[in-house]
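Here's the structure, in structure tokens; my notes come after.
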Amino acid sequence: MGFAAAELLAAKGARVALLARREAMVVEKAGPLGGIGIGCDIADEASVEAALSVVEERLGTPSILINSAADGRLWNIVSPAGVPVSGDYIREILATNVAGMLYMVRGFATRLARIDAAPDALRGVVINVSSITAADGGMGSGYCISKGAVDTAGLSLARELSPWGIRVVTIAPAE
């Protein structure tokens with residue numbers, strides 16, 4: 001989904017940066033778009049800051065963030081055999097889908113706060129990608145709950161960042 005959005009933006013003349021854990025893959029995908037690919041683990045604050053610094057150095061301060069990275073494992077918290085799912089799974093999915101989303105928004109917004117606003121007082125936009133499972137539920141409660149947090153964060157972040165001229169929206173795709 002993030003790559004499709006990057007394709008559309010690049011076709012409209014935007015300079016794009018793709019960030020993903022699999023650096024070789026993202027570098028390859030960014031090439032045909034005339035963009036840059038950067039290895040980044042959004043669940044790691046230092047990795048996010050390093051990646052956003054590279055984006056800023058090579059392309060300037062970004063004005064659009066499409067936050068589509070996610071851990072999409074739809075594991076039940078209790079297996080069919082009645083065994084609890086690993087606590088690592090719970091920590092990992094929340095680290096990527098919730099903390100990672102916040103790290104990206106924070107890093108993006110702090111960079112925008114340092115630049116002058118456009119004549120319309122806007123600086124940029126954050127598009128966070130949730131899931132319809134946040135509202136409808138589904139198998140894989142860890143994933144559903146993490147996307148519910150993304151939904152909840154949307155309005156809070158919009159209110160928090162609006163004084164800086166940063167809009168925040170959340171989309172919830174379905175299958």
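Not measured: the values here are computed from a predicted model.
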Nearest 0.5 Å, what's the [atom1]-[atom2] distance between [X] and [Y]?
X	Y	atom1	atom2	answer
R15	S63	CZ	OG	9.5 Å
L155	T170	CG	OG1	9.0 Å
L157	I166	CG	CD1	10.0 Å
L52	F108	CG	CZ	9.0 Å
I38	S53	CD1	OG	9.5 Å
M101	N67	CE	CG	7.0 Å

Under 4.5 Å between side-chain heavy atoms, hopping through other hydrophobics if needed: is there a path connecting [X] to [Y]?
X	Y	result
L161	I171	no
V129	V126	no
V16	V125	yes

*Run the numbers on V105 and V168 for side chain to side chain contact (heavy atoms under 4.5 Å, CB included), then give the verdict.*
CA-CA 9 Å; V105 173; V168 179; 5.5 Å; no
Do other residues, nucleotides or ligands put more than 12 heavy atoms under 6.0 Å from the [atom1] atom of [X]?
X	atom1	result
R73	CZ	yes
I77	CD1	no
D136	CG	yes
R159	CZ	no

*Carboxylate-amine/guanidinium contact R111 E49, below 4.0 Å*: yes
*Could you walk me through whether I42 and Y103 pass the side chain to side chain contact (heavy atoms under 4.5 Å, CB included) check?*
CA-CA 7 Å; I42 68 165; Y103 296 152; 6.0 Å; no
_Just to verify, what does T96 make a side-chain hydrogen bond (donor to acceptor under 3.5 Å, both in side chains) with, not counting sequence neighbours?_
R21
*What residues, two or more places apart in sequence or in another chain, satisfy side-chain hydrogen bond (donor to acceptor under 3.5 Å, both in side chains) together with T61?*
E56
*Applying side chain to side chain contact (heavy atoms under 4.5 Å, CB included), run through M104 and V48 and close with a yes or a no.*
CA-CA 6 Å; M104 287 299 299; V48 167; 3.6 Å; yes
For a quick test of reading the model, state the closest non-hydrogen atom pair linking [X] to [Y] and the distance between them.
X	Y	result
G2	S68	CA-OG, 3.3 Å
A149	V98	CB-CG2, 3.7 Å
C144	T133	SG-CB, 3.6 Å

*Check V26, I66, L18 against F3 for a side chain to side chain contact (heavy atoms under 4.5 Å, CB included) and give me the one that passes.*
L18
